[in-house]
Each structure stands twice: as structure tokens, then as C-alpha cells.
Amino acid sequence: MRITVDTSLCIGSGTCALTAPAVFGQDEEQAVVVVLDSSPPEQQREAAELAVKSCPAAVIRLFAATS
Ligand code: SF4
């Protein structure tokens, strides 16, 4: 899977970093999301999907992996 985030629209809630800490972090100064792993392993799918659903700004996108 592949993860993208429109950081320009992130409101810095931190929900994604709490939901999927292996995939998302936050910039310490501005609290904007930092994608730690844009191609996470399948084991992270459930947490990543929950982060997509939980993002209050709806700026996280999850795509199937392309070869
Ligand atoms: S959950 Fe959404 S709005 Fe909140 S920090 Fe993550 S990407 Fe930004």
C-alpha cells in the first residue's frame, strides 16, 4: 500500500500519529503530519485505514501498492 497526505490541509490534530505511530509522526514545531513510512507493510493496513477514517481534515489517502 502507499500513503499520501496533503500536508497543506493538515490541521495538526495528531490523530494519525496516535492511531498509526509506525506510519505517521508530527512536526515538533508546527504539529503538521510527517509521513514516516509512505509504503508501510501490510501489518500496518488496519491502523493506516483507521487513520484515514479518523483524520478530521480527511487529507490522508491510501492506495493499493503498485509494482
Ligand atoms: S489526523 Fe489528519 S489532520 Fe490530524 S495530524 Fe494527521 S493528517 Fe493532520
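No experiment lies behind these values; they were computed from the predicted model shown. Whatever order the structure lists them in is the order used to number ligands and atoms, beginning at 1.
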Peer 1: Should the proximity of V59 to ligand 1, defined as any heavy atom under 4.0 Å, be assigned to the side chain, the backbone, both, or neither?
Peer 2: side chain
Peer 1: Look at atom 5 (S) of ligand 1 and say which protein heavy atom is nearest, naming residue and atom and giving the distance to 0.1 Å.
Peer 2: G14 N, 3.3 Å
Peer 1: Hydrophobic clusters join Ile, Leu, Val, Met, Phe, Trp and Tyr when side-chain heavy atoms are under 4.5 Å apart, directly or via other members; which others share one with I60?
Peer 2: M1, I3, V5, L9, V23, F24, V32, V33, V35, V52, V59, L62
Peer 1: Measuring to atom 4 (Fe) of ligand 1, does S13 have an N/O/S atom at a distance below 2.8 Å?
Peer 2: yes
Peer 1: Does some side-chain heavy atom of S38 sit less than 4.5 Å from a side-chain heavy atom of T4?
Peer 2: no
Peer 1: Within less than 2.8 Å of atom 8 (Fe) of ligand 1, any N, O or S from C10?
Peer 2: yes
Peer 1: What residue and heavy atom of the protein are closest to atom 3 (S) of ligand 1, and at what distance?
Peer 2: I11 N, 3.5 Å
Peer 1: Among all the protein's non-hydrogen atoms, which is closest to atom 6 (Fe) of ligand 1, and how far away is it?
Peer 2: C16 SG, 2.3 Å
Peer 1: Do E49 and K53 meet the salt-bridge criterion of a basic N to acidic O distance under 4.0 Å?
Peer 2: no
Peer 1: Counting heavy atoms not belonging to E28, are there more than 12 under 6.0 Å from its CD?
Peer 2: no
Peer 1: Out of all atoms in ligand 1, which are within 4.0 Å of some heavy atom of C55? Include the element for each.
Peer 2: 1 (S), 2 (Fe), 3 (S), 7 (S)
Peer 1: Counting only N and O atoms by type, is there a donor-acceptor contact under 3.5 Å from the side chain of Q26 to the main-chain atoms of V34?
Peer 2: no
Peer 1: Any non-hydrogen side-chain atom of S13 less than 4.5 Å from a side-chain atom of P56?
Peer 2: yes
